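Just below is one structure, and these are the notes that go with it.
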Number of protein chains: 2
Amino acid sequence: MGGRTARAGGDTRTRIVDATAALLRRQGYEGTGVKQIARDAGATLGSVYHFFPEGKEQLAAEALRRDSEHYTELLRDGLRSSDDPAEAVAACAHLLADRLKESDWLDGCLVAATALEKVGRSPVIQRTWEESLAAWQEQIAAKLRTCGMPARTAEEAACTVLSALEGAEVLSRISSDDASLRTAAVYLGRLIVALRSDG
Amino acid sequence: MGGRTARAGGDTRTRIVDATAALLRRQGYEGTGVKQIARDAGATLGSVYHFFPEGKEQLAAEALRRDSEHYTELLRDGLRSSDDPAEAVAACAHLLADRLKESDWLDGCLVAATALEKVGRSPVIQRTWEESLAAWQEQIAAKLRTCGMPARTAEEAACTVLSALEGAEVLSRISSDDASLRTAAVYLGRLIVALRSDG
DNA sequence: CTCTGGATAGAGCGGTCGTTCTAGAACTCT
DNA sequence: AGAGTTCTAGAACGACCGCTCTATCCAGAG
């Protein structure tokens, strides 16, 4: 058998992390088995534990970091799409809706998918969640500050925007309907407009 | 009829549903075992499958229905606390924050906790999610209409409020900090005020 | 009393879980 | 060429999974 000459899709380690991320997104932490990860990645159990000696938690933590970058890029693209922060935030919601719809409501945010079953029982993973959320919130807050919103207000509004985006994604997945995310786009936009006009 | 020996806490069937709800909230669907449910409920596996012959999914569906009622009551209490819809919605967020904090960030919304791992793979449970969300949204929308908000706007704003509450709860659980929910209280209030003033 | 049927009790089924372990293949360095 | 390292390969382990099954218990009906 072929040995280590990296199969299609990059080196083994990368394929394992990618497969982990994809599976965790769709079926959560407890619902995903290490053997299934190996199978999907086209690797063997031996390889998995060779690259990730700390096991499933390390695997999940790395997948979370990788996925976090994807969302950071999505937010960056959405936020850049308009000079108006209200429109920019709405664009982010629409990008999330597009992505979710394309995957038949399967691929949601990895943070949300893993958080609710592992919260409080894995310090390693906990840190990756917090880092991801902090980065995303700061991205949004920075955009809000560009229209002169006070730093404190921008930070808090960004927190609420993030909450609404995460929640709307959950609602959209449950009902197999992008309405929640599209609606959030509109009303978060209105919220930002309102905050701008009365400081 | 009726399990006659009924230990402390009501009849066996009720205890099983309660234990299921409590465990699902804390560790999700896949992370919760039927034997653990039986143990926590002070029942035996035989009793569990006697009352819930369709197994774990039926168990989860019933727990979801029970939990949904609790949230409906919480929303009702919050919404009744003020004539001003903006203040009423904020009160709901604070009630959620209080409840979450009391349980050391463990007891969140059962819908969110189970949705992300079972979405698209259990029609029975899917229906309970949708019914819960629809009921909660309508509760909030009804309150918004009391200040003359158009029905369509009220419905959409209620959807966004619900998204933000669910999302803020997730964020609060992750960071073991009620700031997200308290912030959502303030900014959802501002959103409603803004919607009222420009229709 | 016996009979009945809901409820309780838990051993046991086949299967999967995360993980460990040994063996060997492929490549580098000397 | 030989030694050493890295990576692949998958059998095997004990624990636990959801679920089935038989046996027993017990209140009320006759």
Side-chain angles (χ1 to χ4, degrees), chain A residues 1-21 23-24 26-64 114 117-118 121-125, chain B residues 1-21 23-24 26-64 114 117-118 121-125:
Chain A
M1 174 52 102
R4 16 106 286 87
T5 8
R7 304 183 193 196
D11 64 295
T12 306
R13 202 194 137 94
T14 303
R15 290 198 327 271
I16 292 172
V17 175
D18 288 343
T20 304
L23 286 169
L24 289 182
R26 287 169 150 82
Q27 38 194 32
Y29 187 89
E30 300 293 349
T32 300
V34 177
K35 283 172 186 168
Q36 185 185 12
I37 290 171
R39 203 183 319 124
D40 278 32
T44 65
L45 215 45
S47 297
V48 172
Y49 279 93
H50 169 74
F51 287 112
F52 305 92
E54 290 163 55
K56 194 179 180 184
E57 288 204 7
Q58 184 187 2
L59 222 30
E62 296 232 20
L64 276 160
T114 53
E117 30 181 354
K118 286 296 277 184
R121 52 186 84 207
S122 170
V124 182
I125 300 182
Chain B
M1 194 40 183
R4 1 118 294 311
T5 354
R7 305 182 191 197
D11 63 296
T12 306
R13 201 194 139 94
T14 302
R15 289 196 330 268
I16 292 172
V17 174
D18 287 344
T20 304
L23 286 168
L24 289 182
R26 287 170 151 80
Q27 39 194 31
Y29 186 89
E30 301 293 349
T32 300
V34 177
K35 281 173 185 165
Q36 187 184 10
I37 290 172
R39 203 183 319 123
D40 278 33
T44 65
L45 212 47
S47 296
V48 171
Y49 280 93
H50 170 75
F51 288 113
F52 305 92
E54 289 162 57
K56 194 180 179 183
E57 288 205 7
Q58 184 188 1
L59 222 30
E62 297 231 19
L64 277 160
T114 54
E117 32 181 351
K118 286 296 278 182
R121 51 186 87 208
S122 171
V124 182
I125 299 182

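All of these numbers come straight from a predicted model, not from anything done at the bench. Proteins get letters first, then strands, A, B, ... in listed order; numbering begins at 1 in each.
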Between B/Glu30 (CD) and C/dG18 (C1'), how many Å, whole number?
15 Å

Closest to the side chain of B/Leu45, out of D/dC17, D/dA12, D/dT20, is D/dT20

Salt bridge (charged side-chain N to carboxylate O under 4.0 Å, His left out) contacts in which one or both residues fall within residues 44-62 of chain B, not counting sequence neighbours:
B/Arg13-B/Glu62, B/Glu57-B/Lys118

For A/Ile37 and D/dT8, what is the distance between atoms CD1 and P respectively, to the nearest whole Å?
16 Å

List for me each residue that meets side chain to side chain donor-acceptor pair (under 3.5 Å) alongside B/Thr114, sequence neighbours excluded, and say none if there are none.
B/Trp129

Nearest whole angstrom, please: distance from the P of C/dG18 to the CD of A/Gln36.
9 Å

What pairs meet the salt bridge (charged side-chain N to carboxylate O under 4.0 Å, His left out) rule with one or both residues in residues 34-47 of chain A, with sequence neighbours excluded?
none

Here the residues of residues 47-59 of chain A within 4.0 Å heavy-atom distance, strictly under, of DNA chain C are A/Tyr49, A/Gly55, A/Lys56

Are any of B/Thr12's side-chain N or O atoms less than 4.0 Å away from OP1 or OP2 of C/dT8?
yes

Could you tell me the separation between the NZ atom of B/Lys35 and the P atom of C/dG10, rounded to a whole number of Å?
13 Å

Qualifying residues under side chain to side chain donor-acceptor pair (under 3.5 Å), relative to A/Gln36, sequence neighbours excluded
A/Gln27

Output, in order, the C-alpha distance, side-chain angles, deciding distance and verdict of side chain to side chain contact (heavy atoms under 4.5 Å, CB included) for B/Phe52 and B/Thr20.
CA-CA 12 Å; B/Phe52 305 92; B/Thr20 304; over 6 Å; no

Roughly how far, to the nearest 0.5 Å, is CG of B/Leu45 from NE2 of B/His50?
13.5 Å

Assuming nearest nucleotide by heavy-atom distance, tell me which of A/Arg39 and A/Gly46 is located more 5' along DNA chain C.
A/Arg39

Of the candidate nucleotides C/dT19, C/dG10, D/dC19, which contains the atom at the shortest distance from the side chain of A/Val34?
C/dT19

